[in-house]
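The next block holds one structure in the form of structure tokens; read it before the comments.
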Amino acid sequence: MPFSTLGLSPDLVHAAGELGFSTPTPVQAQAIPVILRGADLLASAQTGSGKTGAFGLPLLQRLQQGQSHTPRRVRALVLVPTRELAAQVGEVLRSLGSHLPQRPKVAVVFGGVSINPQMMGLRGGADVVVATPGRLLDLLEQNALKLSFVETLVLDEADRLLDLGFADELQRLLALLPAQRQNLFFSATFPPEVQALAATLLRDPVRVEVAATAANEPAILQRVIEVDPDKRTQLLRHLLKESGWDRALVFVATKYAAEHVAWKLHQSGVFATPFHGDMSQGKRTQVLAEFKNEQWDVVVTTDLAARGIDIAQLPVVVNYDLPRSAVDYVHRIGRTGRAGESGLAVSFVSGDTEAHWRLIEKRQGLSLPREQVPGFEPAQVAAPAGPGTGGIKGKRPSKKDKLRAAAAASQPADTPKSR
Ligand code: AMP
């Protein structure tokens with residue numbers, strides 16, 4: 001089904017084509033007609049599903065249909081959890097809008113950088129504002145913009161907005177919006193607090209759920225390699241060289257580790273750099289741009305880069321340290337295999353982290369073979385499946401852990417280890 005059948009104007013179909021979108025992704029095919037007719041939308045869409053186009057294209061079309069005002073009034077507000085996502089969504093909206101007869105002005109505002117250029121940018125108004133909640137409230141306090149003409153509100157990655165503790169900011173912002181408006185709600189997961197927010201916000205929403213099918217699930221090959229913790233950097237270097245990975249995003253547990261691993265790789269001749277929350281916003285934007293431009297082969301990051309960042313054609317994601325949860329695992333590996341491209345996600349597992357990895361596998365319904373790389377075979381023996389604490393020190397075995405241990409004990413001794 002081509003974009004032209006969804007009710008979009010030829011200009012927008014052309015703009016989508018310019019970005020390389022020739023056929024709508026499933027969430028786009030379902031959401032675009034609903035948004036064009038003005039209904040509220042509740043979309044459960046995974047990262048990399050094409051959700052920015054799903055709300056961006058119809059939103060821009062509806063802006064064209066309304067009257068133009070001088071000065072410009074904010075008619076669409078997109079709230080996002082992170083600065084990186086704000087910049088990315090703003091970029092997509094600007095590219096899509098650049099082909100329109102009345103080119104919309106898209107303002108992007110986020111914290112962590114000076115407020116003054118953003119205040120200047122809002123002079124003369126804007127048609128669309130893409131914002132993180134805290135900075136938007138600051139700008140409203142300074143009277144840099146008004147939200148009383150907003151016709152469409154988009155909450156992008158609503159689960160993450162709540163995870164990051166933006167619930168109060170959201171309530172304050174919602175109180176400033178006109179009651180009559182279209183609401184578009186996108187979230188990858190729907191825990192109770194996200195459902196509650198959706199229930200207060202949406203009126204008779206159309207639900208769009210993109211079931212994970214072979215057609216829309218990116219082809220991500222997942223591998224698990226057993227290695228001792230102190231051999232991981234060497235193994236990573238070996239894999240980069242021997243497997244011909246030209247670029248990799250490497251996840252570690254702490255900011256210190258991001259610095260340290262990047263430094264060790266760099267010392268050994270790999271173009272590697274860290275990326276984490278202690279770096280200034282300017283530096284973070286620069287590193288991402290350089291990575292996209294292929295100036296770095298490896299970026300070593302914390303979970304800061306796990307969501308919302310789109311790096312086209314990123315072939316490999318490495319879990320040098322395992323993520324804390326299965327949800328974080330999904331977000332991390334979603335950085336590769338974007339928009340139908342194939343990708344590779346490699347997780348390093350040691351004797352100490354084997355139990356934690358098993359929990360992630362179980363929550364994901366996975367059972368991956370354990371691999372070893374010649375020359376890097378672990379000396380440590382994996383802890384037996386038992387009342388593990390999921391790798392969390394000091395945690396006493398829960399009821400679930402005990403049940404799991406009982407189940408493991410009842411298995412025959414010759415059952416291979418989770419293969
Ligand atoms: P998103 O989920 O909006 O972050 O999009 C994920 C990736 O898919 C981005 O790299 C987009 O450029 C790309 N993309 C979005 N829609 C399409 C489409 N219809 N065809 C091909 N690529 C797309």
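The model shown is predicted, which means the values in this text are computed figures rather than measured ones. Atoms within each ligand, like the ligands themselves, are counted from 1 in listed order.
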Donor-acceptor pair, side chain of His276 and main chain of Ala257, under 3.5 angstrom:
no
Under 3.5 Å, side chain of Gln118 to main-chain N/O of Ala107, donor-acceptor pair present?
no
Which atoms of ligand 1 are found less than 4.0 Å from any heavy atom of Lys51?
1 (P), 2 (O), 3 (O)
Proximal ligand 1 atoms for Thr52, defined as those under 4.0 Å from one of its heavy atoms
1 (P), 3 (O), 4 (O)
Given side chains that start at C-beta, do those of Asp246 and Pro315 come closer than 4.5 Å, heavy atoms only?
yes
So for Thr25, does at least one of its heavy atoms come nearer than 4.0 angstrom to any atom of ligand 1?
yes
Which atoms of ligand 1 have any heavy atom of Thr23 under 4.0 Å away?
18 (C), 19 (N), 20 (N)
Please confirm whether Arg73 makes a cation-pi placement over Phe149, using NZ or CZ under 6.0 Å from the six-membered ring centre and within 45° of the ring normal.
yes
Report the part of Val92 in contact with ligand 1, treating N, CA, C, O as backbone and CB onward as side chain, heavy atoms under 4.0 Å; options are side chain, backbone, both, neither.
neither
Are the side chain of Lys105 and the backbone N or O of Gly125 linked by a donor-acceptor pair below 3.5 Å?
yes
Should the proximity of Phe3 to ligand 1, defined as any heavy atom under 4.0 Å, be assigned to the side chain, the backbone, both, or neither?
side chain
Quick check: Gly50 and ligand 1, any N/O pair under 3.5 Å apart?
yes
Crowded around Arg94 CZ? As in, over 12 foreign heavy atoms under 6.0 Å?
yes
Within ligand 1, which atoms have a heavy atom of Ser49 less than 4.0 Å away?
2 (O)
